[in-house]
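Order of the sequence lines fixes the chain letters, A, B, ..., with proteins taken first and strands second; residue numbering starts at 1 for each chain. Please read all numbers here as calculations on a predicted model, not as lab measurements.
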Amino acid sequence: MIEVKGLVKTYGAKRAVDGVSFTVRRGDILGFLGPNGAGKSTTMKMITGFLRPDAGTATVDGIDVTADPVTVKRKLGYLPESAPAYPEMTVEEFLHFIAEVRGFKSGDTRNAQVDRAITLTHLAPVRAQTIETLSKGFKQRVGFAQALLHDPPALVLDEPTDGLDPNQKNEVRTLIKSMATEKAVILSTHILEEVDAICTRVIIISRGKLVADETPAQLRSRQPGARLDEIFRSLTRGDI
Amino acid sequence: MRQISPVFKREFLGYFRSPVAYVFLIGFLLISVSLAFSRYGGFFRAGIAGMESYFTFFPWLFLFIVPAAGMRLWSEEKRSGTVELLFTLPITTLEAVLGKFLAGWAFLAMAILLSFPMAITVAYLGDPDWGVVVTTYFGAILMAGGYLGVCALMSALTKNQVISFVLSIGACAVLLFLGFSSFTDTLEGWFPVFVADALSNFSFITHFDAFTKGIIDPKDVVFFLSLMAFTLFLNVVALER
């Protein structure tokens with residue numbers, strides 16, 4: 001579903017992403033791990049067409065994101081880091097705007113789509129509230145609702161559980177898991193327990209390079225008996 | 001191009017979701033009307049039932065008021081990170097640029113048209129030439145579009161609204177002053193006369209003048225439209241880089 005080949009992005013003298021390749025199939029939940037600044041967000045921004053890669057390709061459903069960005073964006077749901085949204089709009093206004101841009105033109109289908117997203121993310125109690133008055137957990141859910149709204153075949157989630165309390169984290173994980181059977185999901189995180197909780201595959205990136213691409217079980221078997229964070233530390237040692 | 005309308009709607013209504021719109025509209029009308037009645041406008045002293053004393057300040061007023069309305073267009077999106085949201089939605093950069101620009105332009109047009117009580121006042125006091133009033137309004141709205149194109153471009157260059165505001169005033173001031181003889185005389189000292197002449201053709205004032213006299217010259221219309229097209233093109237380039 002999502003195929004990334006040799007992505008490179010350079011900022012000035014710093015190579016933020018250095019030849020990253022991986023594929024995500026339908027039904028996969030790919031955990032994208034790495035220390036802060038390792039290039040996770042940059043890679044995701046290139047997949048979603050926000051940044052143009054300096055080299056390499058990212059394709060979604062066989063379509064190259066640089067060749068036909070609009071079609072790729074139609075197939076993707078994207079939750080950017082820290083879930084940006086227009087603060088002066090209410091949750092409902094914001095989701096209606098997203099629905100309209102996503103091509104749900106007629107009132108009925110748009111309402112249905114917005115209601116579905118609100119129900120999935122449990123936003124009903126705040127639907128008439130402006131986004132600037134929401135707590136961080138609710139804001140994160142608005143970002144999540146926005147990404148799910150058009151029921152996309154592929155989801156790219158940049159730290160979806162960041163800033164949520166343990167209960168909300170659990171809920172988001174359940175939600176991702178329940179949808180993943182027919183979707184391809186990439187989620188970045190630096191919470192290692194998340195990998196065990198939901199991911200079917202893990203990739204670890206360090207200084208812009210892939211250092212691991214395997215199942216959580218394979219990752220564990222690298223150092224039998226060691227905790228995940230010890231394995232993570234030994235793989236990303238160069239980044240400290 | 002079908003995706004312009006949601007962007008337009010969100011942006012236009014966005015002005016009214018915060019106090020920005022009300023402060024702007026009241027401020028604009030208060031300043032523009034008081035200038036017309038002031039000593040410098042000489043609305044009564046002129047003894048003419050026309051709106052010239054009202055519109056004569058517009059190129060100057062726009063120098064501050066349009067950057068105030070346009071500085072947030074892109075800077076705010078960049079600062080709050082929503083630009084990432086906008087450009088990962090299935091729309092092209094051109095659609096986003098046009099939607100936002102047209103919303104800002106419609107808002108400015110609304111501000112200008114809300115001065116209609118001035119026209120009613122003039123009609124009450126005398127018998128104005130309605131043709132001139134209409135062409136002047138038309139010219140003012142076109143000119144607002146020209147200013148706004150410049151401001152939208154400047155706004156796309158920075159995520160800081162203050163920098164965007166100052167850059168916009170600077171760029172608009174250049175386009176305004178190009179029309180003054182003292183300024184073009186200086187230019188003639190530096191450049192050959194035909195270059196200076198060509199440059200002075202890019203002034204807002206030169207092109208707005210005819211409208212206030214009741215003339216719609218295609219060349220003025222083309223000037224403002226092509227200025228908008230050019231700045232919007234650069235706007236797309238600035239955002240895609």
*So which part of A/K45 gets closer than 4.5 Å to some heavy atom of chain B, the side chain, the backbone, both or neither?*
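Only the side chain of A/K45 comes within 4.5 Å of chain B.
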_What part of A/P80 gets within 4.5 angstrom of chain B, counting heavy atoms only: side chain, backbone, both, or neither?_
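Both the backbone and the side chain of A/P80 come within 4.5 Å of chain B.
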Any side-chain heavy-atom pair of [X] and [Y] under 4.5 Å:
X: A/E100; Y: B/K9; result: yes
X: B/L85; Y: A/F94; result: yes
X: A/V70; Y: B/T92; result: yes

_B/F16 atom CZ, neighbour heavy-atom count above 12 within 6.0 Å_ =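 For B/F16, atom CZ is crowded (more than 12 foreign heavy atoms under 6.0 Å).
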*Could you walk me through whether A/R102 and B/L89 pass side-chain contact (heavy atoms from CB on, under 4.5 Å), step by step?*
CA-CA 7 Å; A/R102 289 273 181 204; B/L89 289 170; 3.8 Å; yes
[X] to [Y] - nearest heavy-atom pair and separation:
X: A/P84; Y: B/S80; value: CB-O, 3.7 Å
X: A/V101; Y: B/P90; value: O-CG, 4.0 Å
X: A/F50; Y: B/E84; value: CE1-CA, 3.5 Å
X: B/R10; Y: A/M89; value: CG-CE, 3.2 Å

_Under a 4.5 Å cutoff for heavy-atom pairs, which residue among A/R52, A/K75, A/K105, A/Q146 has the most contacts with chain B?_
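Winner by heavy-atom pair count: A/K105.
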_Could you measure the distance from the OG1 atom of B/T88 to the CG atom of A/L51? Nearest 0.5 Å is fine._
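Answer for the OG1-CG pair, B/T88 versus A/L51, is 10.5 Å.
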*Give the C-alpha distance, both sets of side-chain angles, the deciding distance and a yes or no for side-chain contact (heavy atoms from CB on, under 4.5 Å) between B/L86 and A/Y86.*
CA-CA 10 Å; B/L86 189 63; A/Y86 296 103; 4.0 Å; yes
*asked:* Between A/E93 and B/R17, does any NZ, NE, NH1 or NH2 come within less than 4.0 Å of an OD or OE carboxylate oxygen?
replied: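 A salt bridge is present here (some side-chain N lies under 4.0 Å from a carboxylate O).
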_chain A contact via B/E95 - which portion, at a heavy-atom distance below 4.5 Å_ =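 Neither the backbone nor the side chain of B/E95 comes within 4.5 Å of chain A.
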